[in-house]
Amino acid sequence: MFASRIIKSKIGVGCRLADNHGAFLMRSLDQMLALSPWTGGLSPDQLDRVKSDVVQREFAGGAYVCRKGEPTNAWIGVVDGLVKLNSESESGKAVTLAGIPAGSWFGEGSVLKRELRKYDIVTLRDSRIAFMPEATFRWLLDNSIPFNRFLLMQLNERLGQFIGMIEHERLLDPDARVARALASLFNPHLYPVTETKIQISQQEIGYLSGVSRQRVNQALQVLEKNGMLRVEYGGITVLDLAGLKRIGG
DNA sequence: GCATTAACAGCCG
DNA sequence: CGGCTGTTAATGC
């Protein structure tokens, strides 16, 4: 079962930016910060502090970035790769609450409420993760109105996304659920620049959309036939995002 | 009927 | 070899 597959994480390797790890180190933290909407409204020294406080770590695919129940001491950003918010029952059944592509920041809810992590955060493939210490996060909260605006937008956007998920789960057929689950990885507010090619297994799409892997396979083939995406080994390429969103009304 | 689980062969990296 | 894909068969709502 997927739960027991804990893969070692490579820790504390911000300095590895220097070595050539190939495509694995595609995106730098500086690039990611530049693309994050909330950095635009910061003063130069605020941005400086952010850059010196944020730390990065690399995680192999399938690794836990953090576990349910751990104290929340950082706001988390996906610099490169793909992670999921996951919840697992005692019997081992897993649900994915959200897939989080590169470029996005999340976990502000638990930081704001000073609560323990409510879900597992698991990498779906090799990923580089940024951690902004809670102190820095709170300092921005106290000192930057644009930062607060960004958080409001993000919380609002996510609320809409989760409401949509509940609606879709009850009203849409599996093909449409798969389509919407994939489209949700492309929310332009939450995820500024997601590449059209996503490396994610059909099994994971199943966890994300709430249907079986076999049914995901079937749905993907239908969507491919409709020209909305291309099915590839270990991933898909989205060709018609608007079309994916449109399915099922 | 339709989706799910289980099982398996074949392919990919 | 381990992981992923695409199929089929059996089972359940």
Side-chain angles (χ1 to χ4, degrees), chain A residues 1-10 13 16 19-27 58-65 67 78 80-102 120-129 164-186 194-240 243-244 246-249:
Chain A
M1 194 145 305
F2 125 97
S4 54
R5 222 177 61 221
I6 303 172
I7 300 179
K8 61 198 176 301
S9 64
K10 299 173 261 177
V13 277
R16 300 243 325 210
D19 76 20
N20 52 349
H21 223 65
F24 186 45
L25 296 178
M26 222 161 47
R27 205 189 296 249
E58 294 180 12
F59 294 85
Y64 284 92
V65 174
R67 306 293 299 260
V78 181
D80 193 21
L82 180 64
V83 308
K84 62 176 177 179
L85 253 70
N86 214 49
S87 186
E88 197 171 339
S89 69
E90 289 183 23
S91 59
K93 270 214 164 63
V95 202
T96 297
L97 298 138
I100 318 248
D120 293 325
I121 296 165
V122 183
T123 56
L124 294 186
R125 56 176 205 258
D126 291 355
S127 299
R128 297 175 66 236
I129 307 298
M165 268 175 64
I166 295 172
E167 190 184 0
H168 300 155
E169 184 172 340
R170 304 194 179 169
L171 297 179
L172 300 184
D173 65 40
D175 289 351
R177 296 230 300 275
V178 169
R180 297 296 248 274
L182 292 173
S184 73
L185 296 174
F186 292 88
T194 305
E195 282 131 52
T196 58
K197 181 182 165 117
I198 309 183
Q199 204 181 106
I200 182 174
S201 73
Q202 297 180 4
Q203 173 74 82
E204 294 297 345
I205 296 173
Y207 288 136
L208 192 55
S209 52
V211 303
S212 68
R213 176 181 74 76
Q214 292 87 334
R215 191 58 185 78
V216 167
N217 181 267
Q218 200 178 315
L220 290 179
Q221 291 180 36
V222 170
L223 296 172
E224 182 171 52
K225 197 156 292 173
N226 295 349
M228 299 195 174
L229 51 78
R230 204 165 41 238
V231 179
E232 283 145 21
Y233 184 82
I236 56 144
T237 294
V238 172
L239 303 173
D240 180 4
L244 283 180
R246 215 181 304 119
I247 292 182

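Scope of the values below: all heavy atoms of this structure, side chains included, with no hydrogens, waters or symmetry mates. First the proteins, then the strands, lettered A, B, ... as listed; each starts at 1.
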Worksheet item: salt bridge (charged side-chain N to carboxylate O under 4.0 Å, His left out) with R230(A): which residues, sequence neighbours excluded?
Response: E232(A)
Worksheet item: Quick one: bend of the helix from dG1(B)-dC13(C) to dG13(B)-dC1(C) from 5 pairs per end, to 10°?
Response: 20°
Worksheet entry | Shortest non-hydrogen contact from L185(A) toward G99(A) | CD2-O, 3.4 Å
Discussion item. Once you apply a heavy-atom cut-off of 4.0 Å, does S212(A) come out as touching a base, just sugar-phosphate, or nothing?
Written reply: base
Worksheet entry | Candidate pair L82(A) and T123(A), rule side chain to side chain contact (heavy atoms under 4.5 Å, CB included), full reasoning | CA-CA 6 Å; L82(A) 180 64; T123(A) 56; over 6 Å; no
Response to the item:
CG of L208(A) to CD1 of I200(A), rounded to nearest 0.5 Å, is 5.5 Å
Item to complete: Quick one: list whatever passes side-chain contact (heavy atoms from CB on, under 4.5 Å) with E167(A), sequence neighbours left out.
Response: L171(A)
Item to complete: Enumerate the residues from residues 215-230 of chain A whose closest heavy atom to DNA chain C is under 4.0 Å, giving them by residue number; use none for an empty result.
Response: N217(A), Q221(A)
Discussion item. Counting primed atoms plus P, OP1 and OP2 as sugar-phosphate and everything else as base, spell out the protein contacts along nucleotides 6-13 of chain B at 4.0 Å heavy-atom distance: B, S or - for each nucleotide, 5' to 3'.
Written reply: BB----B-
Worksheet item: Salt bridge check: are E169(A) and R177(A) linked by an N-O gap of less than 4.0 Å?
Response: no
Discussion item. If we ignore hydrogens and angles and just use 3.5 Å, is the side chain of S184(A) paired with the main-chain N or O of L182(A) as donor and acceptor?
Written reply: no
Worksheet item: Only one of V65(A), V78(A), I129(A) clears side chain to side chain contact (heavy atoms under 4.5 Å, CB included) with I121(A); which?
Response: V65(A)
Discussion item. With side-chain hydrogen bond (donor to acceptor under 3.5 Å, both in side chains) as the rule and sequence neighbours excluded, what pairs involving residues 218-229 of chain A come up?
Written reply: N217(A)-Q221(A)
Item to complete: Walk me through it: do D175(A) and R215(A) pass the test salt bridge (charged side-chain N to carboxylate O under 4.0 Å, His left out)?
Response: CA-CA 8 Å; D175(A) 289 351; R215(A) 191 58 185 78; 2.9 Å; yes
